[in-house]
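Structure first, then comments.
Each chain gets a letter, A, B and so on, in the order its sequence line appears, and its residues count up from 1. Here the structure is a predicted model, which means the values were calculated and not measured.
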4 protein chains.
Amino acid sequence: MSSVRPNRRREPQQDRSRRTVERIVDAAARVLERDGYRAASTNRIAAEAGVSPGSLYQYFGDRDALLEAVTARFVARFEEQLVPALRRAVREDQVAATTSVIDAVLAALEQQAPLLRALVARIPPERQAELTRAIRERVTDYVFGTLARQHVELSPDALDRLTWVVVELAQSLPLRYVVDAPPIPREAFVADVARLVLAHVAGVVADEGAIAS
Amino acid sequence: MSSVRPNRRREPQQDRSRRTVERIVDAAARVLERDGYRAASTNRIAAEAGVSPGSLYQYFGDRDALLEAVTARFVARFEEQLVPALRRAVREDQVAATTSVIDAVLAALEQQAPLLRALVARIPPERQAELTRAIRERVTDYVFGTLARQHVELSPDALDRLTWVVVELAQSLPLRYVVDAPPIPREAFVADVARLVLAHVAGVVADEGAIAS
Amino acid sequence: MSSVRPNRRREPQQDRSRRTVERIVDAAARVLERDGYRAASTNRIAAEAGVSPGSLYQYFGDRDALLEAVTARFVARFEEQLVPALRRAVREDQVAATTSVIDAVLAALEQQAPLLRALVARIPPERQAELTRAIRERVTDYVFGTLARQHVELSPDALDRLTWVVVELAQSLPLRYVVDAPPIPREAFVADVARLVLAHVAGVVADEGAIAS
Amino acid sequence: MSSVRPNRRREPQQDRSRRTVERIVDAAARVLERDGYRAASTNRIAAEAGVSPGSLYQYFGDRDALLEAVTARFVARFEEQLVPALRRAVREDQVAATTSVIDAVLAALEQQAPLLRALVARIPPERQAELTRAIRERVTDYVFGTLARQHVELSPDALDRLTWVVVELAQSLPLRYVVDAPPIPREAFVADVARLVLAHVAGVVADEGAIAS
DNA sequence: TATGAATGAGGATTCATTCAT
DNA sequence: CATGAATGAATCCTCATTCAT
């Protein structure tokens, strides 16, 4: 939260300025979606937002800070939608919960699909790391917690490994599904990934049991 | 080869030319690895290659064509290493073959890890699509062929779906493994992914069987 | 006083206004001393003064007017300190008076040395001319008056010439002494300059006498 | 000579480029003389030189490097003219030599008077220090050498002090004379300064003698 | 009056690309 | 073919100034 270079020069104090910030971030997202990263110059974004280039720098230290703000908003909205689903899933059985979570991740990505495509497909992924990190942390916490609770018999190492793979499955596959849009029905896809996860967890648990005994 | 914008103005016909092209692509790869995408300007690459900026345009229509050449060489080297492994795998049983293929993909990525990181982590992924496409095609062909042979009972749709998931598994996970370097032993990782694939194939086949009957 | 571009939009009539003007000029001087000419933007000065950029333009027509005000205050303070010394010097003999004046000029410069350095070393000297002019006029009046009284035999031309040189001596050398801080003891420096002046006056008077006879 | 930031990006290798560099520095000097420091933007100078802004940066790392080059050329030309005069002066007697040197300094300044005025009157004197330093060093060497030879009886401290004052006299006064153009005949001015110097040297020598005995 | 958000022309600088030699 | 000087549009960013509230 407190980076070295503040990504905002000044906190907006009036209503007007809060609206301006909103307009700028909106415009940046729009330009990214429509024209791509290279074309998303500060002047272009300012024009799209209907503000002067100077205004942009009133609120964002530099171009990167602005693009970070777009990513941050994407992540915020993603979490806004995902977290309640994770909470609901806690009360379900393992199979249902797994399916729910996969579905929720997919849905949360789909909700912002155009921007996601722009971010994944166009932004040089120095930025992308940040894009994924926040999401990954959220999912990792959940998955780790769940697995730890359900499989107390697993060694810490095995648990970490299992978590990593499960998170990648629950994240990389939905992300590629949304970005690449393969000709696979949504339901089938969710079921496939859920099965994948469950089968893998079962397999690892079985192996560890075998080793332990 | 004959796209709208010609990649190359003329094919190198003399040895000297071919060597010059090689030096330029080498230089580009080196600069990308060392200094990143933003710093990889044509002038810098020309300097690194020890040629004049003018010369660069003798062989590459524009900057993108050059960077495509870097990607192309990455893919070529990847295939050079992967294809023999795929051929060898054909003669192994299902479990061994799966493990071999995963291992081969991983090894082929690791061989060019620094450049891969540069390409994945720094290139605006308009290019990345191409980077992945060629690899994916190669692996898809193999996986599809293998699955089709071994599971003639599967419907074309199921086969496509299965192929897509398996390819993603065999590709996304190793790629993330190489790029993110999680604290998981290589052997364990390969075994995990292989298990994942096998379990999933078995699951889908079983389901389809159930449906079919 | 009534230049083409009015220095101030309105004369401060209330106490509060006068205090605000004071704070702004203080802030400008502080920023100049601390951060230099380039950094002394109107916004920065306004922030330092704790007023809004808009307020600044209530009192100063433009940036230059503000910087002129800083210079003017420097000169005013310089004079405040110099004039009493000049008055006192009138009652001393020639040698003592010369030394006193040199010493007074030096002291008056030293009192505001940091700001002086900022003004001399940082302000684009369109402004510098003004900085020097006021001081020079004051000293010139005094020197001219003194010399005219003591050497009625000098021709007007000789008097002008002598005055110019003496003023330069009494001003350029102390200024360079304060700005460059050479490794010369203050006392010695004052004595040197005084001797310089006296010797020169004596020399010119002697020459003129020779010519006249 | 070898500063941290190279003031030239690349040394010109062809005749054409040497001419371009020349044109750029010429243009910069012209713009400085005509329009002042503030107006001397890189784009303006490039336009005046009839080259593209890019060309300017082929030879000068940044704006300051270019302005330094202007100053450097001023100093070089100044020295070109001054050094022979200093050499000639060595063979003259003390009075003639002093007059010659003052005259030479003045002449060397006058030769580039418009640019000098621009540099002194317009450039923020961070740069000015450099302008003066080179000249001062040259003159200091000469003066120190001469005084040391002629007055072996002086203590090192006295010699340093004397040198500083004499150099300031031989430099500050001519500089102000050229910049301010006071209504004093050139001959008279040179004679005055020479007298000033000689009288001061004699005075200090006498004093030191008195102290020593 | 005071505020602070907004302005926008202008600045320094870069870099893909061209072209005379 | 190769060179490297030259190009110039475009980029990010600043800051003196204005103006609605």
Exercise. Taking the six-membered ring of Tyr59(C), is NZ or CZ of Arg19(C) closer than 6.0 Å to its centre and within 45° of its axis?
Worked result: no
Tabulate protein N/O versus nucleotide N/O from nucleotides 8-12 of chain E, keeping only pairs under 3.5 Å, one per line.
unit_1  : atom_1 : unit_2   : atom_2 : d
dA12(E) : OP1    : Arg63(D) : NE     : 2.7
dA12(E) : OP2    : Thr42(D) : N      : 2.8
dA12(E) : OP2    : Thr42(D) : OG1    : 2.9

Exercise. Which dot-bracket string fits DNA chain F when only Watson-Crick or G-U wobble pairs with both atom distances under 3.5 Å count, crossing pairs get [ ], and | stands for a partner on a different strand?
Worked result: .||||||||||||||||||||
For this session: Give the rounded distance in Å between these two atoms: CG of Leu66(C) and C1' of dC15(F).
Result: 14 Å
Exercise. Rounded to the nearest 0.5 Å, what separation is found between the OG atom of Ser52(B) and the CD atom of Gln58(B)?
Worked result: 8.5 Å
Problem set entry | Derivation and outcome, side-chain contact (heavy atoms from CB on, under 4.5 Å), residues Glu68(D) and Asp62(D) | CA-CA 10 Å; Glu68(D) 258 163 55; Asp62(D) 59 11; over 6 Å; no
Problem set entry | Nearest-Å distance for atom pair CZ/C1', residues Phe60(B) and dC1(F) | 16 Å
Exercise. Quick one: CD on Gln112(B) to CZ on Arg77(B), what's the gap to the nearest 0.5 Å?
Worked result: 6.0 Å
For this session: Return the value, rounded to whole Å, for the distance between atom CZ of Arg19(D) and atom C1' of dA6(F).
Result: 13 Å
Exercise. Could you state the CD-P distance from Gln58(A) to dT17(F), rounded to the nearest angstrom?
Worked result: 17 Å
Exercise. What distance separates Asn43(B) CG from Arg63(B) CZ, expressed to the nearest 0.5 Å?
Worked result: 10.5 Å
Seminar exercise, completed: Residues at least two apart in sequence or cross-chain that pass side chain to side chain contact (heavy atoms under 4.5 Å, CB included) with Arg23(A), listed by chain then number, are Val51(A)
Exercise. So does Tyr59(C) get a side-chain nitrogen or oxygen closer than 4.0 Å to the phosphate oxygens (OP1/OP2) of dA2(E)?
Worked result: yes
Problem set entry | d(CD1, Ile24(D); C1', dA5(F)) in whole Å | 11 Å
Exercise. Between CZ of Arg30(A) and CD1 of Ile45(A), what distance do you get to the nearest 0.5 Å?
Worked result: 10.5 Å
Exercise. Roughly, in whole Å, what's the span from CG in Leu56(D) to P in dT14(E)?
Worked result: 12 Å
Seminar exercise, completed: Separation between OG1 (Thr71(A)) and CG (Leu115(A)), nearest 0.5 Å, reads 8.0 Å
Seminar exercise, completed: Value for CG (Leu32(A)) from CG (Leu66(A)), rounded to nearest 0.5 Å, stands at 8.0 Å
Exercise. Is the phosphate of dC1(F), meaning OP1 or OP2, less than 4.0 Å from a side-chain N or O of Ser17(B)?
Worked result: yes
